[in-house]
Every structure is written in structure tokens, then in C-alpha cells.
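Structure, as C-alpha cells:
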Amino acid sequence: MDDMREKLRRFIAEEILLEEHSSVGDDMPLLESLDSLGLLTLVAYIEGQFDVEIPQGDLVPGNFSTPLAVEQLVRVHLAPAP
Amino acid sequence: MYDADVIVIGGGPAGATLGALLGMGGYSAMVLERDIHPRHHVGESLTPSTTFVLQRLGFLPKMEEAGFVHKRGAAWTAPRGPLGRFVSIALAEFPAPDAFQDYTYNIERDTFDALLLRHAAERGAKVLQGARVQEVLFDGERAVGVRVEVVDGHTIDLRSRVVVDASGRAALLGNQLGMRRKDPNFDQYSLFAWFEGLEPPPPGYEGYLFLHFLDLEQAWAWQIPLRNGVCSVGVVTDKSHFLENGQGMDEFFWGLVGMNRTLAHWMRGARQTRPWSVDPDYSYLNERFIGDGWLLIGDAVRFVDPIFSSGCDIAMFCAAYAYDAIDHAFRTGQEQEAFERYAKTIVDGVSVWYALIQEFYRMKNIFTRFATNRRFRPDVVRTLQGNLYLPEAQERAKLLLDAMAQANRAVSADPANLLRPGALRPVG
């Protein structure tokens, strides 16, 4: 799981924010740095890297507001079916 | 009694392809071209599928010899993204089963069209340039030839068993028979020129066609790398935007370029090397495109919008299917049946292009979502490869379009969805 967090942080830093990895904090606001291609690049990365499908209905501000929110979104979809 | 089996009006890619195929098939074809080639033309990027037709013509070695830029994929940018962010698709990712090369071409149309027309002559077609067809001649309902101005003011009548209108946007027969209609949904306008000194794309993306979305409804720009470091850059908007604007072309063009951060940055050192070309009267269709003794092919049938580089794809596949129809008609005498089959094939294929263009404009983000989603990406790539005239391609495109329409409805109904236009407005 921490591996997931690490990968996600690195991708957000390098591919989405185009910044150094160290500067991405849990609560850093993401939406003001995100354009549509950034959002969809991130979603495609999540789907490919963690083998999940993010439903279109989940593409709402609450799920992408911060790196932590994105992480939680991934966890929800990673959770094994009850 | 006939001057040729087939008279083809127009020597662009559609007319030249048909002329070459007829010559190769042992028929006498006369291609009447209004201009003297080479001449400039819009539409400088090919779909992958056109390589099948070019191969059938035996024309690919000449394209390699000419050194046309290899197009290995397409990429697109968003208006306010960080500099240099783009999403891309590579042709090599999901090749058609019968693909024999993982690239297609970007083409300077003056060179390409002139070479292809010469190729048609070499394959046996009789090519006349500077020959302005004034009208198609009819005997009752049946097209029997053309009246053509060969020297200023002097016309001759030429007779043939079949007349094919490949006159492009001029839509000669469409206008003569009053069949040409403005497209009810689109009224697109484009302005383009050639430039030197654009920032080169990142390594690995040389030859890619770049589309840049602009911060304006229905508007985008193309960036097509050509030979010798030249790039064609064009802007497409709804015509009303240009007309209302009242600006000069320079101001209008650079104003639109400024509506995409990446494009503006890549063009900051660009020098224009060719005068502006305007394509003012874009989107139309013909109510009918076959009749007794006549067929329309290529742009003469319909033109909508250049977003997916479908122009030459439609031109060359129309020509190939028209050849099959004419050949069948000549062999069996069953012209009506053969032409009706041609019409159905073309209408089905062109309708798919049209639906794709509509879906794209309805919500660009949905298109990007599908292109980047693992489940749909192969279908998006395969569909954009072109040749949408085969049943399996139409089936695939239909499923894709249905899914996109459904996604569109869902996003439209959800005020919070980030795929809605303008939902994400990054700062700086």
C-alpha cells in the first residue's frame, strides 16, 4: 500500500505538477494545477498501474482535491469485494 | 463514339487515384484538371489506412523517394495545460491486422498531388491540366459527357460511358443539379500557412500531428510537420467567429494561437514562409451522389471538418470503391446495382466520420477520456486509422460512438463532473 502511495506521489509530482517529488504534500491543493489532460493522464495512470477502473462518475472535485484524496480514491477501488 | 470509358472531373487525390486504377484496369480514363499542378491545397496529413490505397496504386516507393515526413501518431494539448503536456496515440500501438508499415505521411499537397496525378498518367490515364469543365452533359437523365473549356473561351464536348465528379469543394455536379446543401450542424472556417522555426516536439514525437485545443468553443489548431523543418499551422473555428471578429488575418491567427499555452510557446520564434490560405466554405453535403451514368467521389460528396485528417481518406477510398463499381458495371451491365452499392458503402463510411466529428465537438474531454482509457483506447486508435467503409470497422465505431454518447449524457447530467467543459481552470 505504501508502494502505491509512493508511486502515486511521484507520478503527481513528475507528470502532473511537473515539480520535484519532495514538494508534494498530503494536503497540497491539486485542482488549481490540474487541466483536463492532466486529470485524464492521472486517471489513465491509476487505471493502468493499479489495475482498477475509475468510473466516470468518480471524476469529481472531492476525489482530486489533494494527493491524499486521490490516494483514498484508489484505495476504495482497490478494496476487495465484500 | 466515346472519347473515353470514364471522364473524371478533377485531378486531386480522388481523381488521380481513380484515373490510375482505371488505367491499371485497362480502361480508358480521361482526367480533366482545372488547374496546372503543382498547386497549393489544404489537407496535409493522411490517415494510416490511405497507405492501403497508395500501395494498391504502386505509389508508395514514390512517396518514400520524395521523402514525405513519416507520421507515426497524433497528439493533442489543452488550452491551459502546463507547457508541453500532451496526450498521444501511436499508430504502432494497435495496428490494423493487414498493416504493412507503422506510419503514414504528412504531405505538401502541391508536391503530393502533382506526383499522384503524374502517376495516374503513367498508369495509363489521359490527363489534361488547365481544362475547366463547365458542365456535365446529359441525355435525358443520363450523364453522357462534359463540356470543357480547353483554351480561353473555346469549349469542346467530350463523351464517355460514365462521368465521375472529383471536383472537390467546387462540387461541380452538386451545384449543377442543385444537390449541394449547407451542413446543418457545422459551418467551420480555417486559416493556415507554413512556418519555420517552431520549437521541435520532444524526442520520439517527430512527425506527429499535433492538435491544439483552444480556449474557445468549436476551435482548435493543427500543427503538421512537413519536410525541411517546415510546419503547417492552421486554425479552425466556427465561421461566425471570424466574420464577427472583423480582424485582419494576422491578428486573428495569432489571437487564436495565443489561446493555447503550448502552441503559443512552440511558435514564439516561428516565421511565416507562405501567404495565408483561407478555406472559407467548409461544411456541406450533397443529397445524392450517384445517378444514371455519374458518380461523385471525395470532397465533391461531402466535407465537414478536418479534425481527423479524413479528407484524403475519403477521397482515396471513394476512388477505390468507385473503381470497383464502374468495373462491375462495365463487366455486367448492371450499373444501377453497382452504383447503389457504392453509394451505400460511402454513405455508411462517411457517416461514421461525421458522427466521430460531432462527438468530438460535443465534448472533447470525453474523447480524451476514451483515448486514454485502457478499455476503449484500442477501439479509438483503430477507428481513427480510417477506412471506415468495412462492416467490421463500422461495427467497432458504432459501439464506440454509443459509449461516448452515453458518457456524454452522464457528464452533462452531473454538475460536479470534472469532464464538463471549463470545470478545470488551472491557474497560471
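Below, chains carry the letters A, B, ... as their sequence lines are ordered, and counting in each starts from 1.
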Does the distance from a Lys or Arg side-chain N to an Asp or Glu carboxylate O, for R375(B) and E53(A), drop under 4.0 Å?
yes
Is D35(A) paired with R261(B) through a side-chain N to carboxylate O contact shorter than 4.0 Å?
no
Does T372(B) form a side chain to side chain contact (heavy atoms under 4.5 Å, CB included) with T41(A)? I'd like the steps, not just the answer.
CA-CA 7 Å; T372(B) 52; T41(A) 301; 5.7 Å; no
Under the side chain to side chain contact (heavy atoms under 4.5 Å, CB included) rule, collect the residues that match up with V43(A), sequence neighbours excluded.
L39(A), E47(A), I54(A), L59(A), F64(A), R369(B)
Distance from [X] atom [atom1] to [Y] atom [atom2], nearest 0.5 Å?
X	Y	atom1	atom2	result
W76(B)	L37(A)	CH2	CG	8.0 Å
L418(B)	N63(A)	CG	CG	8.5 Å
S36(A)	R420(B)	OG	CZ	14.5 Å
Q56(A)	N408(B)	CD	CG	8.5 Å

Sidechain-backbone polar pair: R85(B) side chain, E15(A) backbone, donor-acceptor under 3.5 Å
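Here the side-chain-to-backbone pair exists.
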When you measure from the side chain of R374(B) to the backbone N and O of V52(A), does any donor-acceptor pair fall under 3.5 Å?
yes
State, to 0.1 Å, how close L40(A) and N365(B) come at their nearest heavy-atom pair, and which atoms those are.
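Shortest heavy-atom contact: CD1-O, 3.5 Å.
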With only heavy atoms counted, which part of F86(B) is less than 4.5 Å from chain A, the side chain, the backbone, both or neither?
backbone
So L424(B) and L31(A), do their side chains get closer than 4.5 Å, heavy atoms only?
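SC-SC contact between L31(A) and L424(B) confirmed.
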Under a 4.5 Å cutoff for heavy-atom pairs, which residue among G62(A), A44(A), P61(A), G57(A) has the most contacts with chain B?
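When all of G62(A), A44(A), P61(A), G57(A) are compared, P61(A) has the most.
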Taking atom CD of Q406(B) as the centre, report whether more than 12 heavy atoms of other residues, nucleotides or ligands fall under 6.0 Å from it.
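Counting other residues, nucleotides and ligands, CD of Q406(B) stays at 12 neighbours or fewer.
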